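One structure is given here, and the rest of the page talks about it.
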Amino acid sequence: ETGVTQSPTHLIKTRGQQVTLRCSSQSGHNTVSWYQQALGQGPQFIFQYYREEENGRGNFPPRFSGLQFPNYSSELNVNALELDDSALYLCASSLEDNYGYTFGSGTRLTVV
Amino acid sequence: EDKVVQSPLSLVVHEGDTVTLNCSYEVTNFRSLLWYKQEKKAPTFLFMLTSSGIEKKSGRLSSILDKKELFSILNITATQTGDSAIYLCAVIRTTTSGTYKYIFGTGTRLKVLA
């Protein structure tokens, strides 16, 4: 059983809407990163948070934003949803310089 | 442009076979390379490689990094049906601002037949 939990597990939204995905990191982990995985593709890095600050970002537009809270849980927000945003969104956490990330089971987002 | 390429894209073997999965990369400011196994949703961490030529082993799995030729291999010996999964390679690089960026390959889909 993974120590990273994500919610919801599945979500259907309409184009143009906004969505918030949530992630509780593994106990003791202070680094959280988010990935978008389209069908048949490897995960694409969205951004990473370390101690509540964003410290890395992939090639995603500003409508993808995030937060990390003092308890190191995290949110991914996506505004103005597009059909291409349909994907599995994975959250992963790690402890400091340990890059052996633990992944959650993901949120499957479908935009219609 | 940063690139991580895995080969083969897919592979079908029989139980007991040995397989070698490849990952080549072209990134600036390389930091580490990681291997993951993805069965249903959550990728499971296998190895992190930072130094060249040092083999990491875990049971029937082993991996090595060549930073001169810019590639890594993941070996699985005596394969079992439970090894069927997508194997992902990821590279971490540092950016000019000192932050980190993670680039995944598209994965190798391994199927092990009984």
Side-chain angles (χ1 to χ4, degrees), chain A residues 1-10 21 23-26 29-51 53-60 66 87-109, chain B residues 1-7 9-10 21-25 27 29-51 56 58 61 63 65 72 74 85-109:
Chain A
E1 183 181 343
T2 180
V4 177
T5 57
Q6 292 186 242
S7 63
T9 53
H10 296 84
L21 310 182
C23 173
S24 294
S25 56
Q26 184 164 316
H29 285 187
N30 56 18
T31 305
V32 172
S33 57
W34 285 91
Y35 299 83
Q36 180 195 68
Q37 187 173 23
L39 203 61
Q41 300 294 316
Q44 299 294 310
F45 174 62
I46 303 175
F47 42 57
Q48 173 175 278
Y49 281 84
Y50 171 68
R51 295 181 186 262
E53 297 283 334
E54 184 182 295
N55 78 335
R57 191 175 179 95
N59 299 324
F60 280 81
L88 178 68
Y89 287 85
L90 293 164
C91 165
S93 72
S94 73
L95 173 64
E96 298 281 349
D97 290 327
N98 177 1
Y99 297 108
Y101 278 91
T102 301
F103 279 85
S105 294
T107 294
R108 172 77 61 190
L109 172 66
Chain B
E1 184 184 342
D2 297 326
K3 201 162 48 172
V4 176
V5 178
Q6 292 186 245
S7 63
L9 291 180
S10 64
L21 309 183
N22 303 290
C23 176
S24 63
Y25 61 91
V27 302
N29 301 319
F30 171 91
R31 185 179 176 97
S32 302
L33 183 145
L34 298 91
W35 284 96
Y36 287 89
K37 178 182 180 183
Q38 187 174 29
E39 291 177 87
K40 288 186 179 176
K41 281 187 178 179
T44 305
F45 172 74
L46 296 175
F47 298 110
M48 180 177 70
L49 304 156
T50 304
S51 301
K56 294 220 171 176
S58 177
L61 276 66
S63 185
L65 173 67
S72 173
L74 174 68
I86 297 171
Y87 289 84
L88 294 165
C89 170
V91 169
I92 302 174
R93 59 164 289 222
T94 53
T95 68
T96 51
S97 57
T99 59
Y100 305 116
K101 188 175 176 183
Y102 304 77
I103 308 112
F104 275 84
T106 53
T108 292
R109 186 179 294 274

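None of the values given here were measured: they were computed from a predicted structure. In what follows, chains are A, B, ... by sequence order, proteins preceding strands, each numbered from 1.
Side chains of A:Q48 and B:Y102 form a contact here, defined as non-hydrogen atoms less than 4.5 Å apart. Side-chain contact between B:Q38 and A:L90 is present, with at least one heavy-atom pair separated by less than 4.5 Å.
Note on A:G106, A:A92, A:P43: by heavy-atom pairs under 4.5 Å with chain B, the leading option is A:P43.
Contact annotation for A:Y35: only side-chain heavy atoms (C-beta onward) come within less than 4.5 Å of a heavy atom of chain B. Contacts of A:Q6 with chain B are absent, with no heavy-atom separation under 4.5 Å from either backbone or side chain.
Remark: B:T106 OG1 to A:Q37 CD distance equals 10.5 Å, nearest 0.5 Å.
The heavy-atom pair separating A:G42 from B:L88 by the smallest distance is CA-CD2, 4.1 Å. Scanning both residues, B:A42 and A:F103, for their nearest heavy atoms gives CB-O, 3.8 Å.
Within 6.0 Å of atom CZ in B:R109, 12 or fewer heavy atoms from other residues, nucleotides or ligands are found, so the atom counts as exposed in its surroundings.
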